[in-house]
Amino acid sequence: MTEKEKMEKQMIYDANNDLELLAERQECKTLCQQYNNLPIQDLEARRSLIKKILGKTGEHIHIEPDFWCDYGRYISVGENFYANHGLVILDAGTVTFGDDVFIGPGCGFHTAGHPIDFRQRNQGLEYAYPIKVGSNVWIGAAVSVMPGVTIGDNVVIGAGSVVVKDIPSDSVAVGNPCRVIRKIGGE
């Protein structure tokens, strides 16, 4: 089994020494660098290139530079997606966003993690678990979403939160670690 196949099956894999994965990340980061260096006013070129980088997109998406990801192809964004400056998506695992998602500046979605055992970690081994974000979600500035997390529909994540566990639909959640502080209802 290749390291890429292990990665896609959520197994421990060698991310740092596998030539196939290194080449794919370099290719994607080259495209991200091109995207980040496009003129701000050239919306058509930016739209075209971001659709080339990402695996699947809706028609109406907008990501402010700087934007970085590892592979791109494992990212899926729905319709009416907006991300402010400084978005980082480490997409060794799949990252799926629903429709009408708004992301504040300086946010990170990190599917990759590293073993606690230093011997494995020092060998360049890691794992990747998928992240899922529902529809109608607002994620405040400087939020970090960790491997394996699912955020439901109609959720607000407060600025500065570190999301390490699933957040149910119709919730406002904040903090480190992020936790639900109230449900969203008819108020």
Chemist: Knowing that exactly one of Val162, Ile157, Ile151, Val149 qualifies, which makes a side-chain contact (heavy atoms from CB on, under 4.5 Å) with Cys178?
Modeler: Ile157
Chemist: Within this structure, what is the CG-CD distance for the pair Asp14 and Gln123, rounded to the nearest 0.5 Å?
Modeler: 8.0 Å
Chemist: Using 30° and 60° as the class boundaries, would you call the ring planes of Phe97 and Phe109 parallel, tilted or perpendicular?
Modeler: perpendicular
Chemist: Check whether any side-chain heavy atom of Lys4 sits under 4.5 Å from a side-chain heavy atom of Glu24, and report yes or no.
Modeler: yes
Chemist: Between Glu5 and Met11, is there a side-chain heavy-atom distance shorter than 4.5 Å?
Modeler: no
Chemist: Which is it for Arg182 and Ser171 under the side-chain contact (heavy atoms from CB on, under 4.5 Å) test, yes or no, and what are the steps along the way?
Modeler: CA-CA 6 Å; Arg182 71 180 181 98; Ser171 299; over 6 Å; no
Chemist: Which pair of non-hydrogen atoms, one from Pro147 and one from Ala112, has the smallest distance, and what is that distance?
Modeler: CG-O, 3.6 Å
Chemist: How long is the span from the SG atom in Cys32 to the CD1 atom in Ile53, to the nearest 0.5 Å?
Modeler: 4.5 Å
Chemist: Verify side chain to side chain donor-acceptor pair (under 3.5 Å) between Tyr74 and Glu8, making sure each step is shown before the conclusion.
Modeler: CA-CA 10 Å; Tyr74 300 112; Glu8 291 172 343; 2.4 Å; yes
Chemist: So, for Leu22 and Asn16, which heavy atoms are closest and what is the spacing to 0.1 Å?
Modeler: CD1-O, 3.7 Å
Chemist: Does Ser76 form a side-chain contact (heavy atoms from CB on, under 4.5 Å) with Leu54? I'd like the steps, not just the answer.
Modeler: CA-CA 7 Å; Ser76 173; Leu54 303 181; over 6 Å; no
Chemist: Is it true that a side-chain atom of His62 and a backbone atom of Tyr82 form a donor plus acceptor pair closer than 3.5 Å?
Modeler: no
Chemist: Could you check whether any side-chain N or O of Lys183 sits under 3.5 Å from a backbone N or O of Ser169, counting only pairs where one atom can act as donor and the other as acceptor?
Modeler: yes
Chemist: Are Phe102 and Asn84 packed together at the side-chain level, in the sense that at least one heavy-atom pair is separated by less than 4.5 angstrom?
Modeler: no
Chemist: Which donor-acceptor pairs under 3.5 Å do side chains of residues 128-139 form with protein atoms, sequence neighbours excluded?
Modeler:
residue: Ser135; atom: OG; partner: Asp99; partner atom: N; Å: 2.9
residue: Asn136; atom: ND2; partner: Asn154; partner atom: OD1; Å: 3.1

Chemist: To the nearest 0.5 Å, how far apart are CD1 in Ile89 and CD1 in Ile103?
Modeler: 6.0 Å
Chemist: Identify the heavy atoms of Ile61 and Gly78 that sit nearest to each other, and give their distance.
Modeler: CG2-O, 3.6 Å
Chemist: Carefully, step by step, assess Val155 and Asp170 under the rule side-chain contact (heavy atoms from CB on, under 4.5 Å).
Modeler: CA-CA 5 Å; Val155 169; Asp170 305 306; over 6 Å; no
Chemist: State whether the side chain of Thr30 and the backbone N or O of Cys28 hold a donor-acceptor pair below 3.5 Å, judged by distance alone.
Modeler: no
Chemist: Can you measure from CD (Glu3) to CD1 (Ile12) and round to the nearest 0.5 angstrom?
Modeler: 10.5 Å
Chemist: Do Val101 and Leu87 belong to the same hydrophobic cluster, where Ile, Leu, Val, Met, Phe, Trp and Tyr are linked whenever their side-chain heavy atoms lie under 4.5 Å apart, directly or via other members?
Modeler: yes
Chemist: Any chance you could measure Thr94, atom OG1, to Arg73, atom CZ, to the nearest 0.5 Å?
Modeler: 13.5 Å
Chemist: With a cut-off of 6.0 Å (strictly less than), are more than 12 heavy atoms of other residues, nucleotides or ligands near CD of Glu59?
Modeler: no
Chemist: Do Tyr13 and Val95 belong to the same hydrophobic cluster, where Ile, Leu, Val, Met, Phe, Trp and Tyr are linked whenever their side-chain heavy atoms lie under 4.5 Å apart, directly or via other members?
Modeler: no
Chemist: Less than 4.0 Å between a side-chain N and a carboxylate O, is that true for Arg121 and Glu126?
Modeler: no
Chemist: Using side-chain contact (heavy atoms from CB on, under 4.5 Å) as the criterion, point out the one residue from Asp153, Val180, Thr150 that pairs with Pro168.
Modeler: Val180
Chemist: If you group Ile, Leu, Val, Met, Phe, Trp and Tyr by side-chain heavy-atom gaps below 4.5 Å, do Ile75 and Phe81 land in one group?
Modeler: yes
Chemist: Would you say Gln120 has more than 12 foreign heavy atoms packed within less than 6.0 Å of its CD?
Modeler: yes
Chemist: Check the pair Val88 / Phe67 against side-chain contact (heavy atoms from CB on, under 4.5 Å), numbers first and verdict last.
Modeler: CA-CA 6 Å; Val88 174; Phe67 165 69; over 6 Å; no
Chemist: For Arg47, check side chain to side chain contact (heavy atoms under 4.5 Å, CB included) against everything at least two apart and list the hits.
Modeler: Leu43, Glu44, Lys51
Chemist: Is any side-chain heavy atom of Arg46 closer than 4.5 Å to one of Glu64?
Modeler: yes
Chemist: Honestly curious: do Val174 and Ile184 fall in one hydrophobic cluster under the side-chain, below-4.5 Å linking rule?
Modeler: yes
Chemist: Only counting residues at least two apart or in another chain, list the ones meeting side chain to side chain contact (heavy atoms under 4.5 Å, CB included) with Asp70.
Modeler: Arg25, Lys29, Leu90, Asp91
Chemist: By the definition side-chain contact (heavy atoms from CB on, under 4.5 Å), identify the one residue from Val163, Thr111, Ile167 that meets it with Val145.
Modeler: Val163
Chemist: Near Ile40 CD1, under 6.0 Å, is it more than 12 heavy atoms from other residues, nucleotides or ligands?
Modeler: yes
Chemist: Below 4.5 Å, heavy atoms only, C-beta onward: do Ser144 and His110 meet side chain to side chain?
Modeler: yes
Chemist: Knowing that exactly one of Asn36, Asp42, Leu31 qualifies, which makes a side-chain contact (heavy atoms from CB on, under 4.5 Å) with Leu49?
Modeler: Leu31
Chemist: Looking only at heavy atoms, which two atoms of Ser161 and Gly175 are closest? And how far apart?
Modeler: OG-N, 3.0 Å
Chemist: Heavy-atom count check: over 12 atoms from other residues, nucleotides or ligands less than 6.0 Å from Gln26 CD?
Modeler: no
